[in-house]
Protein chains: 2
Amino acid sequence: MPKNLSEQLLHELGSSIVQGERKPGELLPKVETLSEMKGVSRTVVRETMKGLSARRLIESSTRTGTVVRDREAWLWWDPDIISWAAAAEENQSFLMQLTEVRLAMEPAAVKLAAKNADEEDIATIRHRFDLLEQSVDNEDDWVEADAAFHEAILHASHNELMQSLIQTLQEGLYQSRHTTMRMLQRAGDNSRKMALDLHRDVMTAVIEGKEDEAMARMETLLHTVSHLLKEYEAEVKKEAPN
Amino acid sequence: MPKNLSEQLLHELGSSIVQGERKPGELLPKVETLSEMKGVSRTVVRETMKGLSARRLIESSTRTGTVVRDREAWLWWDPDIISWAAAAEENQSFLMQLTEVRLAMEPAAVKLAAKNADEEDIATIRHRFDLLEQSVDNEDDWVEADAAFHEAILHASHNELMQSLIQTLQEGLYQSRHTTMRMLQRAGDNSRKMALDLHRDVMTAVIEGKEDEAMARMETLLHTVSHLLKEYEAEVKKEAPN
DNA sequence: AATTATTTGTCCGTATGTATG
DNA sequence: CCATACATACGGACAAATAAT
């Protein structure tokens with residue numbers, strides 16, 4: 001639930017643009033008109049416009065009005081834009097793109113972690129892994145512990161930009177998939193036990209400072225999880241087709 | 001040159017936060033005071049605050065006032081934040097982080113390009129390479145043609161998120177280094193001829209759809225360029241130490 | 001080529017709501 | 001209950017740019 005009028009309107013217009021309802025080149029109604037249409041003051045409309053143009057979704061010029069910009073200009077790594085795109089009806093392609101980025105970044109981050117982790121980082125990682133191990137039988141705990149473990153690894157990379165990037169895309173993936181993810185967790189203890197081993201492998205490589213091995217093992221982990229996920233989705237689809 | 005008052009103030013306050021002048025936890029002056037200090041209306045100050053909190057640099061709460069948020073919360077992939085950070089006095093660490101991300105993303109993008117490029121993409125890449133080849137003797141043309149070539153490759157990845165990401169970080173790197181980059185261009189034709197061969201290798205792998213080879217060759221290219229750059233910087237430093 | 005009309009851009013004053021000490 | 005300090009919202013006034021006449 002949006003807190004104020006301009007955020008509400010921002011969400012409404014932003015979604016309609018990102019989800020393709022309003023297309024690049026299209027002219028938006030003028031401020032005065034929008035103000036009347038939505039029953040808000042010009043100030044609110046103007047703040048909304050400011051938010052949209054800060055994300056480079058629109059471009060305004062005097063007399064001509066305000067038009068939707070080309071997709072190439074959009075600041076895709078804005079959390080709002082990602083969430084709007086992930087919430088779209090036809091978002092398969094977008095989710096795939098997010099996954100492709102993740103597959104490039106997470107292994108790179110782990111490689112850095114293997115290189116840069118200090119004693120404190122390693123202590124945290126060990127601790128988080130213990131928690132993961134203990135929560136292997138509980139769905140909710142597992143999801144939380146898994147996120148915490150990955151967060152500790154990322155933190156050990158000592159690269160704030162990567163952390164921020166991965167966190168943003170995780171949120172994007174999570175948002176549209178959290179039900180699916182939970183379902184995977186429910187798929188059975190076997191999946192979790194297998195995943196636990198893979199996590200341990202990553203951790204060991206990081207602690208021992210074996211960069212390339214850490215990277216390769218993270219790739220294995222991601223591919224395995226994605227494979228499990230697909231398998232499970234196919235199964236669910238078979239049982240209950242659209 | 002910032003166009004308006006709120007952007008001017010946004011730049012001023014944003015820079016002071018990102019560059020560490022105002023530290024996390026620190027309390028900002030209240031709106032009224034800032035308004036007087038800077039000689040602008042409260043509306044301008046409020047718009048500035050909106051811009052800062054949209055980037056999650058600050059957090060406001062009633063009565064307590066407005067405080068600087070922890071670095072982890074910042075939206076690092078905002079072009080403004082990147083440019084403020086890149087312009088900082090002590091930015092060695094930040095530039096290294098940017099480079100680390102680039103080293104992870106560009107090869108991944110090329111790999112995708114080798115997989116996804118269609119005929120039109122390939123025609124464009126070939127054309128851009130021809131331009132690159134023709135501009136091997138001209139500094140200014142080379143810089144432009146080089147950017148255009150990389151852009152064509154990225155476009156062929158058919159992943160808008162990666163494109164946007166790489167473009168943003170390129171701008172960040174460019175901004176603080178453009179003089180250095182130009183100097184590398186001036187370093188001599190040999191560097192450019194060597195670089196040209198490396199570009200051709202990448203192009204060939206993409207056209208032939210050899211994913212892993214394209215990726216490996218882009219890694220080689222990036223490492224070579226970065227090596228040349230370091231060498232040249234060292235030389236310049238030797239001639240004219242601080 | 002000059003003028004006019006339209007639309008966005010900018011700044012301001014003011015008022016109300018809300019949470020805090 | 002009161003004073004403080006910020007958030008939100010409204011609408012007026014004028015400036016600047018530019019398409020249309």
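Sequence lines set the chain letters: A, B, ... in the order given, protein chains first and strands last, and positions in each chain run from 1. Quantities reported herein were computed from a predicted structural model and do not represent experimental measurements.
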Which part of the nucleic acid, if any, lies within contact of B:Thr66, taking any heavy atom under 4.0 Å across all strands shown: a base, the sugar-phosphate backbone alone, or nothing?
nothing
Take A:Thr43 and B:Thr64, find for each the nucleotide of DNA chain D with the closest heavy atom, and name the residue whose nucleotide sits nearer the 5' end.
B:Thr64
Between D:dA20, C:dT10, C:dT20, which nucleotide has the shortest distance from any of its atoms to the side chain of A:Arg63?
D:dA20
Starting at atom CD of B:Glu47, determine the distance to atom P of D:dA9, rounded to an integer number of angstrom.
14 Å
Distance-only donor-acceptor check, side chains A:Asn4 and A:Ser6, under 3.5 Å
yes
Residue closer to the 5' end of DNA chain D, A:Gly39 versus B:Leu28 (nearest nucleotide)
B:Leu28
Charged N-O contact under 4.0 Å between A:Glu47 and B:Arg46
yes
Residues A:Gln170 and A:Glu106: side-chain donor-acceptor under 3.5 angstrom:
yes
State which of C:dT8, C:dC12, D:dC10 makes the closest approach to the side chain of A:Lys30.
C:dT8
Can you measure A:Glu32 atom CD to D:dG11 atom C1' for me and round it to whole angstrom units?
10 Å
Nearest-angstrom distance from the residue atom CD of B:Glu59 to C1' of D:dA5
16 Å
Atom-pair distance (CD on A:Glu36; P on C:dT7), nearest Å:
12 Å
Separation of D:dA9 atom C1' from A:Arg46 atom CZ, nearest Å, is 15 Å
Roughly, in whole Å, what's the span from CG in A:Asn4 to C1' in C:dT16?
15 Å
Check for a donor-acceptor pair, side chain of A:Asp70 on one end and backbone N or O of A:Ala73 on the other, with a separation under 3.5 Å.
no
Just to confirm, is there a sub-4.0 Å distance from OP1 or OP2 of D:dT4 to any side-chain nitrogen or oxygen of B:Thr62?
no
Answer yes if the ring centres of A:His199 and A:Phe149 are under 6.0 angstrom apart, and no otherwise.
yes
Round to the nearest Å and state the distance from B:Leu34 atom CG to D:dA5 atom C1'.
13 Å
Ignoring hydrogens and angles, are the base of D:dG12 and the side chain of A:Arg42 linked by a donor-acceptor pair under 3.5 Å?
yes
Between C1' on C:dG9 and CE on A:Met49, what's the gap in Å once rounded to a whole number?
13 Å
